[in-house]
Peer 1: 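Structure in structure tokens, see below.
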There are 4 protein chains.
Amino acid sequence: MNNYSLKFAKVKPKDEKKTEHIFKATLQLVKDKGVAGITMGEIASAAKIATGTLYIYFKSKDELINALFTECRKASAEIYFKDYDASLPFKTGFKVIWLNLMKFRTEHFEKAVFMDQCYHSPFITETTKHITKEMMHPLYKLVERGKAEKIIKDADSFILLTFMVGGINEFVKHSKYSGKKITKELIEQMFNLCWDGLKA
Amino acid sequence: MNNYSLKFAKVKPKDEKKTEHIFKATLQLVKDKGVAGITMGEIASAAKIATGTLYIYFKSKDELINALFTECRKASAEIYFKDYDASLPFKTGFKVIWLNLMKFRTEHFEKAVFMDQCYHSPFITETTKHITKEMMHPLYKLVERGKAEKIIKDADSFILLTFMVGGINEFVKHSKYSGKKITKELIEQMFNLCWDGLKA
Amino acid sequence: MNNYSLKFAKVKPKDEKKTEHIFKATLQLVKDKGVAGITMGEIASAAKIATGTLYIYFKSKDELINALFTECRKASAEIYFKDYDASLPFKTGFKVIWLNLMKFRTEHFEKAVFMDQCYHSPFITETTKHITKEMMHPLYKLVERGKAEKIIKDADSFILLTFMVGGINEFVKHSKYSGKKITKELIEQMFNLCWDGLKA
Amino acid sequence: MNNYSLKFAKVKPKDEKKTEHIFKATLQLVKDKGVAGITMGEIASAAKIATGTLYIYFKSKDELINALFTECRKASAEIYFKDYDASLPFKTGFKVIWLNLMKFRTEHFEKAVFMDQCYHSPFITETTKHITKEMMHPLYKLVERGKAEKIIKDADSFILLTFMVGGINEFVKHSKYSGKKITKELIEQMFNLCWDGLKA
DNA sequence: TATGAATGAGTATTCATTCAT
DNA sequence: TATGAATGAATACTCATTCAT
């Protein structure tokens, strides 16, 4: 390290990585013991920091949970529409998104569990819940495009959407619990069930 | 107090109604604040009894939660196969059960929420979880009958089952959250999506 | 205990005496270590109860301090005008009150120390402070009677009042610190200084 | 960094001004929130330095408080006997000192508050308390000269002293709390009350 | 049984102090 | 020296559980 960098390194900045560690530790703990069972002390030691340090990064348990919730929401939003291109034929685009939903649920399972758990917890504020609901909006749009193009059934959008998502969620949840391996083959089967249900 | 009344007092069962009150109070609280947020004190006052009294009916919080979980499981099991008759044609019988699942989720929403919440909580023992999984067995049988009769797709039973249940769960959950009214019409739409997905 | 009293004794009431014990313990601790140095744990064990019990009687440390402050104020108010009769000649009545002030400061020294200490503490609310100020009103009236009767100097009432009280407070405070015995003789001397200062 | 600058850095004294800032910040905080309510963090940020820096100037909170206490004592001692000349007639000299006491209490109010507050706090050592008491010695001498000259009453010196000081302290304290303006006129009135009380 | 006050272990949070930069 | 993040012991407060009535 040269003189120049020393000048700027004088003040130790709040470690960005530490927030990440804390989040990771919290998600793991929640997956294992549920929101009901986690303490700030446990989170701290799982993140390999002192309890006091935890409070440098988050003013309270409440704030930590809410921040993590927001983080998870952001992560899911980023994945949902990855590689989606509205100019693609409907079914192709639909499958991209459907697979993304599946991807999020499987690869970020702890986040999904955490979000589900939090929804009824006293930690999450109404505002946070509200924003979360709004996040579903683009999915509504997708479903409505399908209806407009007469490719999928002309049913209530809410029904179509929850149907589209429900199978994925239930499948992933139970496969994690029961140890059932999630294979390409199974995913394909689930997609077909879903698509056959939706198509006009 | 004489011998007679003593004897009588011993025989007198714990007030059945009170257990019910306690369960109802707990379910309501869990729906509103999650398992993370309930205390024995709150349960007691919601059930309009003293904390001490709560401990006459349940040795510990753990026991209360587990007893309630078992109760909920029993309630769901009773509903799932109500009016089902294996001699009915497959689709008819399938719809009976599918509607029963829907019925349970809507009319006993707090129970469903409670069971979901508990699954990750430190309160529920592994044994309890195991028994719960076994409860799904008859549903497997149903699905397999459908496959055997070549009426529904020859996909993995696990996939078929989670697909069948997922839409219902997701639909009811979000309708409760968003205040969306659950109508016969919507239920019918959801069933059609589900059936069209499953059918061979 | 007969049947009748049993009927009413069924519920153990919040022990009135316990509040008193808590107050006494707190005052003693504050006298010895100052408001800065007391913890809820210490108060509890000085009052021979569990920490949790302390919180049955007072929702928080703040509330405990404020309640005690109010209690002390009440105690002082009760003493200040004890045996005072406006129909007595001014000097006689004045001396009754002056001696009462002295009596409070000496016999309830911990309360006086506590009140002094609290005045600058973050525990005491502005409202509480305001009420305390108002408590001085009757003393103003007394001083104004003396002025009206041309018995004491026609100076600013605020000056007369703080002068009247200041000597007492300073005397008692330092005598407690230095271990100087407060005798009848010394009190008489102090009263004479005070009276000679005030008289017209 | 070369040898020269290293040497120079070692010699460079701790910034004198910074100590002053720290003291000023502490006094202000204690006036507003009491000794009970101040933290090292608050002091540091009020003094516009980092917490770590505070510990360069003072090894501990204890030491800071004690150093400030000593500083305050010194400041008061310097003022008390300012312009006093034993060769002046008693009353003239007495008034000089009396006015000095008044001056200290008004112009260095925070210091007075701080010293009062500290007296009961766990921070101040017995030694410090002892030295403080000794500081009163010259005032005793003054009072005894008055008695010897038969100008003031032949009462107990302790009584005379606390009487002399009490009115001042009480007056200033309450005027600060209530916002009452301290005027020359009021000071004169207070002095007269005091003198008339003391004179033989 | 029923009550709710009492208990004390446990949890969230603060804060004096240290330390790497 | 100066900084402010990191530490962990101490403290305020909670809550499952017990117990006297």
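Naming: A, B, ... by sequence-line order, numbering from 1 per chain.
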Peer 1: Between B:Ala50 and D:Ile38, who's closer to the 5' end of DNA chain E by nearest nucleotide?
Peer 2: B:Ala50

Peer 1: Taking NZ from A:Lys48 and P from F:dT7, how many angstroms apart are they, rounded to a whole number?
Peer 2: 13 Å

Peer 1: How would you label the contact of A:Leu54 with the nucleic acid (heavy atoms, under 4.0 Å): base, sugar-phosphate, or nothing?
Peer 2: nothing

Peer 1: Are C:Lys24 and C:Glu110 within salt-bridge range, i.e. N to O under 4.0 Å?
Peer 2: no

Peer 1: Does the distance from a Lys or Arg side-chain N to an Asp or Glu carboxylate O, for A:Glu71 and A:Lys74, drop under 4.0 Å?
Peer 2: no

Peer 1: Using whole Å, report how far CZ of A:Phe58 lies from C1' of F:dA6.
Peer 2: 16 Å

Peer 1: How long is the line joining CD of D:Glu63 and P of E:dA16, in whole Å?
Peer 2: 15 Å

Peer 1: If you look at every strand shown and take non-hydrogen atoms under 4.0 Å, does A:Lys18 touch a base, only sugar-phosphate, or nothing?
Peer 2: sugar-phosphate

Peer 1: Between C:Asp62 and B:Ser60, name the one whose nearest nucleotide on DNA chain F is closer to the 5' end.
Peer 2: C:Asp62

Peer 1: Please confirm whether C:Lys31 makes a cation-pi placement over C:Phe114, using NZ or CZ under 6.0 Å from the six-membered ring centre and within 45° of the ring normal.
Peer 2: no

Peer 1: Any side-chain heavy atom of A:Met115 sitting closer than 4.5 Å to one from A:Arg73?
Peer 2: yes

Peer 1: Tell me the interatomic distance from A:Met40, atom CE, to F:dC13, atom C1', rounded to whole angstroms.
Peer 2: 15 Å

Peer 1: Here's a test of your reading of the structure: between D:Gly52 and D:Gly37, which maps to the more 5' nucleotide of DNA chain E?
Peer 2: D:Gly37

Peer 1: In this structure, how many angstroms lie between the P atom of F:dA6 and the NZ atom of A:Lys17, rounded?
Peer 2: 14 Å

Peer 1: If you draw a 6.0 Å radius around NE2 in B:His108, do more than 12 non-hydrogen atoms from other residues or ligands fall strictly inside?
Peer 2: yes

Peer 1: Report yes if a side-chain nitrogen or oxygen of D:Tyr57 is closer than 4.0 Å to either non-bridging phosphate oxygen (OP1 or OP2) of F:dA2; otherwise report no.
Peer 2: yes

Peer 1: Less than 4.0 angstrom from a charged side-chain N to a carboxylate O is my criterion; do A:Lys129 and A:Glu126 meet it?
Peer 2: yes

Peer 1: Nearest whole angstrom, please: distance from the C1' of E:dT14 to the NZ of D:Lys33.
Peer 2: 13 Å

Peer 1: How close or far is atom C1' of E:dT14 from atom NZ of D:Lys61, stated in whole angstroms?
Peer 2: 11 Å

Peer 1: Measure from the ring center of C:Phe23 to the ring center of C:Tyr57 and say whether it is less than 6.0 Å.
Peer 2: no

Peer 1: Side-chain N or O of C:Thr53 less than 4.0 angstrom from OP1 or OP2 on E:dA5?
Peer 2: no

Peer 1: What integer distance in Å separates B:Leu29:CG from F:dC15:C1'?
Peer 2: 15 Å

Peer 1: Of all the base pairs, Watson-Crick or G-U under 3.5 Å, which form stems of three or more consecutive pairs involving DNA chain F?
Peer 2: E:2-21 with F:2-21

Peer 1: Of C:Tyr55 and A:Thr51, whose nearest nucleotide on DNA chain F comes first from the 5' end?
Peer 2: A:Thr51

Peer 1: Can you identify which nucleotide, out of F:dA6, E:dA16, E:dT7, has its nearest atom closest to the A:Ile56 side chain?
Peer 2: F:dA6

